[in-house]
Amino acid sequence: MAIIETEAPLHEAHRDNHTHRDVNGGWLRPAVFGAMDGLVSNLALMTGVAGGTASQQTVVISGLAGLAAGAFSMAAGEYTSVASQRELVEAELDVERRELLKHPADEEAELAALYEARGVEPDLAREVARQLSRDPEQALEIHAREELGIDPSDLPSPLVAAVSSFGSFALGALLPVLPFLLGASALWPAVLLALAGLFLCGAVVAKVTARSWWYSGLRQLALGGAAAGVTYALGSLFGTAVG
């Protein structure tokens, strides 16, 4: 059994093994969702059009149109969603800020009660609450964390979310179109490249989230393949019926 002779190595080891990734930056979810959605939706769109016995030119135009429309739609949706969420949070922070100005003693007592409920001795809880409440901005941050579960200094950015969503969707949606732009005349290279991209995206996401890379990759591959298969079958069915 190893004996730690000084406190410094323990502190360094704890610091090195207790770092966390940024989970509130507002970029990961729209980027991941955008890439997956771009791959799956554009692959499904193109296979559906191809299943309807459309010409190669029609398939390519459909893919490019799906890329442009989807990227702008995703960016607008993400911006509006994150901006609305941020505005709601800021409104609640304003409510809390006004309460701290109007009823500082009540808010301090409320904070002390929160610490007491978590097991802190009453006298110590009141003293901690008193010291934390001396700075209004610090008090607001503490109340926001304790009561709302948010960090006022780390709110997600609507612009970051929109740009991440736009870029990742466009990149994902480009993969099924790319073989045609490079001269392919059949659908299968586009399908293979898109499915490979889905597996890779799933594997990369697993690296970020510490999940199993092969499971995450195969899950995305199966979902994307199923969507492409269903739309191709529907396209074939409708194309035959219309023809």
Worksheet item: Between Val40 and Leu223, does a side-chain contact (heavy atoms from CB on, under 4.5 Å) hold up when you go through it step by step?
Response: CA-CA 8 Å; Val40 174; Leu223 292 173; 5.8 Å; no
Practice prompt. Check whether any side-chain N or O of Arg130 sits under 3.5 Å from a backbone N or O of Glu108 as a donor-acceptor pair, and report yes or no.
Written response: no
Practice prompt. Identify the two heavy atoms, one from Gly66 and one from Phe169, that lie closest to each other, and give their separation to 0.1 Å.
Written response: O-CE2, 3.8 Å
Worksheet item: CE/Met36 to CD/Gln220 distance, rounded to the nearest 0.5 angstrom?
Response: 3.5 Å
Worksheet entry | Any side-chain heavy-atom pair of Leu237 and Tyr232 under 4.5 Å | no
Worksheet item: CD of Glu90 to CG of Leu155: how many Å apart, nearest 0.5 Å?
Response: 6.5 Å
Item to complete: Walk me through it: do Glu116 and Arg126 pass the test side-chain contact (heavy atoms from CB on, under 4.5 Å)?
Response: CA-CA 9 Å; Glu116 285 186 49; Arg126 286 192 292 271; 4.1 Å; yes
Worksheet item: Can you tell me if Ser164 uses its side chain to pair, donor with acceptor, with the backbone of Ala161 under 3.5 Å?
Response: no
Worksheet item: Which pair of non-hydrogen atoms, one from Leu67 and one from Asn42, has the smallest distance, and what is that distance?
Response: N-OD1, 3.8 Å
Discussion item. On a heavy-atom basis, which atom in Leu100 and which in Pro136 lie closest, and how many Å separate them?
Written reply: CD1-O, 4.3 Å
Worksheet entry | Single-linkage hydrophobic cluster Val95~Leu93, side-chain heavy atoms < 4.5 angstrom | no
Response to the item:
CG (Leu101) and CD (Glu96) are apart, to the nearest 0.5 Å, by 10.5 Å
Discussion item. If I take atom CZ from residue Phe199 and atom OG from residue Ser216, how far apart are they, to the nearest 0.5 angstrom?
Written reply: 9.0 Å
Worksheet entry | Cys201 and Leu39: CA distance, side-chain angles, deciding distance, side-chain contact (heavy atoms from CB on, under 4.5 Å) verdict | CA-CA 10 Å; Cys201 282; Leu39 271 166; 3.9 Å; yes
Response to the item:
Looking only at heavy atoms, the pair that brings Ala186 and Pro189 closest together is O-CD, 3.3 Å
Worksheet item: CZ/Phe180 to OG/Ser185 distance, rounded to the nearest 0.5 angstrom?
Response: 8.0 Å
Worksheet item: So, His103 versus Glu107: side-chain donor-acceptor pair below 3.5 Å or not?
Response: no
Worksheet item: Can Arg118 and Glu146 be counted as an ion pair, charged N to O under 4.0 angstrom?
Response: yes
Worksheet entry | Shortest non-hydrogen contact between Val49 and Ser62, atoms and distance | CG2-OG, 3.7 Å
Practice prompt. Identify the heavy atoms of Ala75 and Phe166 that sit nearest to each other, and give their distance.
Written response: CB-CB, 3.8 Å
Worksheet item: Tell me, do Gln57 and Ile61 make a side-chain contact under 4.5 Å, heavy atoms counted?
Response: yes
Fill in: Separation between CD of Gln138 and CD of Gln131, rounded to the nearest 0.5 Å
9.5 Å
